[in-house]
Amino acid sequence: MAAHIATAMKPKNNNSNSNNNSNCCSNGYSSDVSNGSDNNSPSPPPSPPKPRLTPSLSQCRRRLRSKTKSFVRRENLGSGLNFRRNLRYLLLLPLLYISGLLMCVGPFSGFWGYASVPGSVYRSYENFQRLWDDIRFDNSSALQLSSVWKYKRRVKVQKPCPNSTARNHFSMYRTSIMESPGSSGYLIVDANGGLNQQRSAVCYYYVLGSHYWSTHMICNAVAVAGLLNAILVIPRFELNGVWRDPSQFGDIYDEEHFINNLKGYVNVVRELPEALMERYDQNISNIPNFRVEAWATVNYYLGVVLPILRDQGVIRIAPFANRLTMNVPSHIQLLRCITNYKALKFSPPISSLAEKLVSRMIERSSMTGGKYVSVHLRFEQDMVAFSCCVYDGGEAEKLKMDSFREQEWKGKFKRKDRVIVPALNRIEGKCPLTPVEVGLMLRGMGFDNKTSIYIASGKIYQAEKHLAPLLEMFPLLYTKESLATPDELAPFEGYSSKLAALDYTVSLFSEVFVTTQGGNFPQFLMGHRRFLFNGHSKTIKPDKRKLVVLLQDMDISWKAFKDEMEVMLAESDRKGMMVPRVKKFNRKTSIYTYPLPECACLQSSNNSTFRLTEGANVLNSHHESTR
């Protein structure tokens with residue numbers, strides 16, 4: 001650290017002149033001032049002492065104030081010099097830190113002869129080959145899926161949500177904020193993004209291959225409509241430029257079910273009245289777009305948005321992702337819960353096939369009592385390229401990834417201000433786990449080769465090469481493509497939201513869910529699982545910073561690795577039960593990841609969210625068996 005340099009300030013002698021006869025801080029006598037000559041001539045006899053003068057209080061204050069200001073100016077000057085000197089060191093430290101990282105883990109590390117930093121180099125496949133015999137002949141008892149989760153929450157008897165009371169609450173709330181009865185106008189939102197992003201805007205994000213679902217925006221749209229006493233127009237989904245999915249709300253969700261379950265809370269219509277459409281030449285895009293600030297508060301909506309809505313009779317908000325704060329009144333928070341877990345149900349074609357896939361996974365998991373593990377594997381080509389991580393493909397893979405990045409993101413990764421250090425990304429846990437890394441982790445945790453695994457993923461990068469070791473460790477490996485027939489999947493091809501809905505549902509009802517790369521999909525799925533499974537997410541969330549260090553260690557024994565994995569599993573178990581403290585109007589976590597306690601009143605064995613289609617009982621019975 002830079003040393004602190006203190007500036008000494010020497011006091012100056014203030015010699016009084018002939019006009020200043022006294023000083024309030026002196027001994028009461030004036031001093032004779034020499035004319036600067038330096039001679040030895042005798043001095044004249046001193047003048048007789050003058051009578052002592054007592055200055056007024058105001059004079060003393062003025063002189064003291066003058067001296068104080070002078071001292072402060074000198075002190076500030078010294079402090080400024082110190083600050084500028086120290087600032088040089090403060091600016092230098094980050095440069096030294098980055099330079100050190102580049103030398104240790106960057107492209108120049110080889111020139112300095114340094115050994116690689118633990119966790120910075122991908123050697124997982126080499127370690128798999130070295131440990132494979134130990135893994136195959138491991139005679140220790142296998143982990144039973146029925147006893148993976150040790151932590152249990154005390155199950156509280158939840159009373160059903162008092163619908164009549166809730167509706168009365170909304171009625172009184174509307175009367176208190178509205179000047180006249182009736183709605184304030186029509187609310188239109190453009191649910192941009194993928195499946196989960198749209199759901200939260202209309203309630204939870206669902207990410208698959210960087211594709212977001214609609215749930216989060218849908219839930220927020222309902223909440224805003226309830227807040228403003230507006231009539232919500234069925235949200236429109238924008239065409240994603242990357243995934244090019246033309247699906248609309250009715251293609252993914254059951255519109256009739258959505259409208260009916262929100263009656264009494266928020267009025268929902270499929271389209272604007274003809275009179276309003278004529279005003280805007282039958283084109284919703286002609287309605288002026290109102291841009292709302294991110295994470296807007298309740299006061300912002302009531303103070304800024306509501307007056308415009310009343311004046312125009314209709315308001316269009318786009319984009320709508322993350323346009324409502326998590327801190328809202330309890331009855332508005334309840335709207336998010338009702339929308340997410342009751343009103344939003346997949347359309348019949350999706351629900352029907354999803355139910356079949358869950359049933360087939362249960363049948364193929366007979367050796368483990370019908371229980372299976374689902375893995376959200378983010379190892380698609382776009383994800384590998386975007387992460388800028390280096391695996392074992394050598395120079396050919398590097399050139400391929402560079403070309404793909406330039407094609408998809410047009411110079412984003414070539415900007416001068418962007419420093420890419422793949423080794424540092426790996427150390428910090430930012431690299432997607434490969435299939436072999438997932439397999440080693442699960443086998444280390446105690447899952448044996450009789451465990452059925454469902455892979456929720458897009459097209460795996462170099463699938464034949466990377467899935468081979470995972471198949472060796474877990475032969476009972478399934479995907480939606482292997483569970484469904486080509487004829488069953490044909491109507492879903494080219495619609496990433498519909499395919500994502502299938503993966504989401506099969507993962508939702510697994511006994512163990514494994515997240516490998518973060519993102520919205522696991523966050524919303526964990527929240528939904530907490531809602532279904534009495535507050536426990538039943539999710540393995542690996543410590544990737546620790547995992548990459550272990551997988552690079554070519555001297556680690558299989559037993560030592562297993563010990564570390566068992567600790568990691570126990571930590572996921574503990575964190576899966578955590579419920580954050582929620583103070584009134586002070587929620588710091590997402591209600592879509594942690595739905596309790598606000599959504600607890602919706603938890604019921606006969607809740608319609610446990611069934612994907614009316615009259616279906618396979619998912620409901622599976623849920624009951626896991627309680």
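Throughout, residue positions are numbered sequentially from 1 according to the sequence presented.
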If I take atom [atom1] from residue [X] and atom [atom2] from residue [Y], how far apart are they, to the nearest 0.5 angstrom?
X	Y	atom1	atom2	result
Leu309	Ile315	CG	CD1	6.0 Å
Leu551	Lys544	CG	NZ	11.5 Å
Met568	Lys546	CE	NZ	5.0 Å
Phe513	Ile540	CZ	CD1	10.5 Å
Glu437	Leu550	CD	CG	11.0 Å
Tyr592	Arg336	OH	CZ	4.0 Å

Determine the minimum heavy-atom distance between [X] and [Y], stating which atoms define it.
X	Y	result
Asp190	Arg236	OD1-NH2, 2.8 Å
Leu489	Ala484	CG-CB, 3.8 Å
Phe128	Pro469	CE2-CB, 3.6 Å
Thr325	Thr297	CG2-CA, 3.8 Å
Ile284	Leu272	CG1-CD1, 4.4 Å
Ala221	Val189	CB-CG2, 3.8 Å

For the side chain of [X] and the backbone of [Y], is there at least one donor-acceptor N/O pair under 3.5 Å apart?
X	Y	value
Ser537	Arg530	no
Thr539	Lys541	no
Ser403	Leu399	no
Lys480	Asp503	no
Ser482	Tyr478	no
Arg405	Ala385	yes
Glu428	Arg545	no
Asn425	Cys389	no
Asp281	Asn283	no
Ser347	Asp251	yes

Partners meeting ring-ring contact (aromatic ring centres under 6.0 Å, His included) with His466 (sequence neighbours left out):
Phe379, Tyr461

Quick one, Leu440 with Leu547, criterion side chain to side chain contact (heavy atoms under 4.5 Å, CB included). Give me CA distance, side-chain angles, the key distance, then yes/no.
CA-CA 10 Å; Leu440 286 168; Leu547 189 60; over 6 Å; no

Check whether more than 12 heavy atoms from other residues, nucleotides or ligands sit under 6.0 Å from atom [atom1] of [X], and answer yes or no.
X	atom1	value
Arg418	CZ	yes
Phe404	CZ	yes
Lys430	NZ	no
Glu493	CD	yes

Non-neighbouring partners of Asp543 that pass salt bridge (charged side-chain N to carboxylate O under 4.0 Å, His left out), sequence neighbours left out:
none

Can you name the salt bridge (charged side-chain N to carboxylate O under 4.0 Å, His left out) partners of Glu571, sequence neighbours left out?
Arg574, Lys575

A side-chain contact here means heavy atoms from C-beta on lying under 4.5 Å apart; do [X] and [Y] qualify?
X	Y	result
Ile591	Cys337	yes
Gln462	Gln381	no
Leu377	Val438	yes
Phe474	Val373	no
Ile252	Phe346	yes

Determine, stepwise, if the pair Met441 / Ser124 fulfils side chain to side chain contact (heavy atoms under 4.5 Å, CB included).
CA-CA 11 Å; Met441 178 184 72; Ser124 304; over 6 Å; no

Run Asp573 and His536 through side chain to side chain donor-acceptor pair (under 3.5 Å) and show every step you take.
CA-CA 8 Å; Asp573 188 9; His536 201 311; 2.8 Å; yes

Contacts satisfying side-chain hydrogen bond (donor to acceptor under 3.5 Å, both in side chains) that involve residues 387-396 (not counting sequence neighbours) are Asp392-Lys465

Side chain to side chain contact (heavy atoms under 4.5 Å, CB included) for Arg529 and Ser510? Distances and angles first, verdict last.
CA-CA 9 Å; Arg529 288 168 65 83; Ser510 61; 3.2 Å; yes

List in chain and number order the residues that pass side-chain hydrogen bond (donor to acceptor under 3.5 Å, both in side chains) with Glu566, two or more places apart in sequence or in another chain; answer none if no residue qualifies.
none

Residues Glu380, Arg378; criterion salt bridge (Lys or Arg N to Asp or Glu O under 4.0 Å); working and verdict:
CA-CA 6 Å; Glu380 302 92 350; Arg378 295 307 318 278; 3.2 Å; yes

Are side-chain N/O atoms of Tyr122 and Thr434 paired as donor and acceptor at under 3.5 Å?
yes

With side chain to side chain contact (heavy atoms under 4.5 Å, CB included) as the criterion, how do Asn220 and Arg323 come out once you've worked through the C-alpha distance, each side chain's angles and the decisive distance to 0.1 Å?
CA-CA 8 Å; Asn220 282 346; Arg323 288 310 187 268; over 6 Å; no

Assert yes or no for the condition that the ring centre distance of His528 to Tyr341 is strictly below 6.0 Å.
yes

Mind checking disulfide (SG to SG under 2.5 Å) for Cys388 and listing every partner two or more places apart, or none if nothing turns up?
none

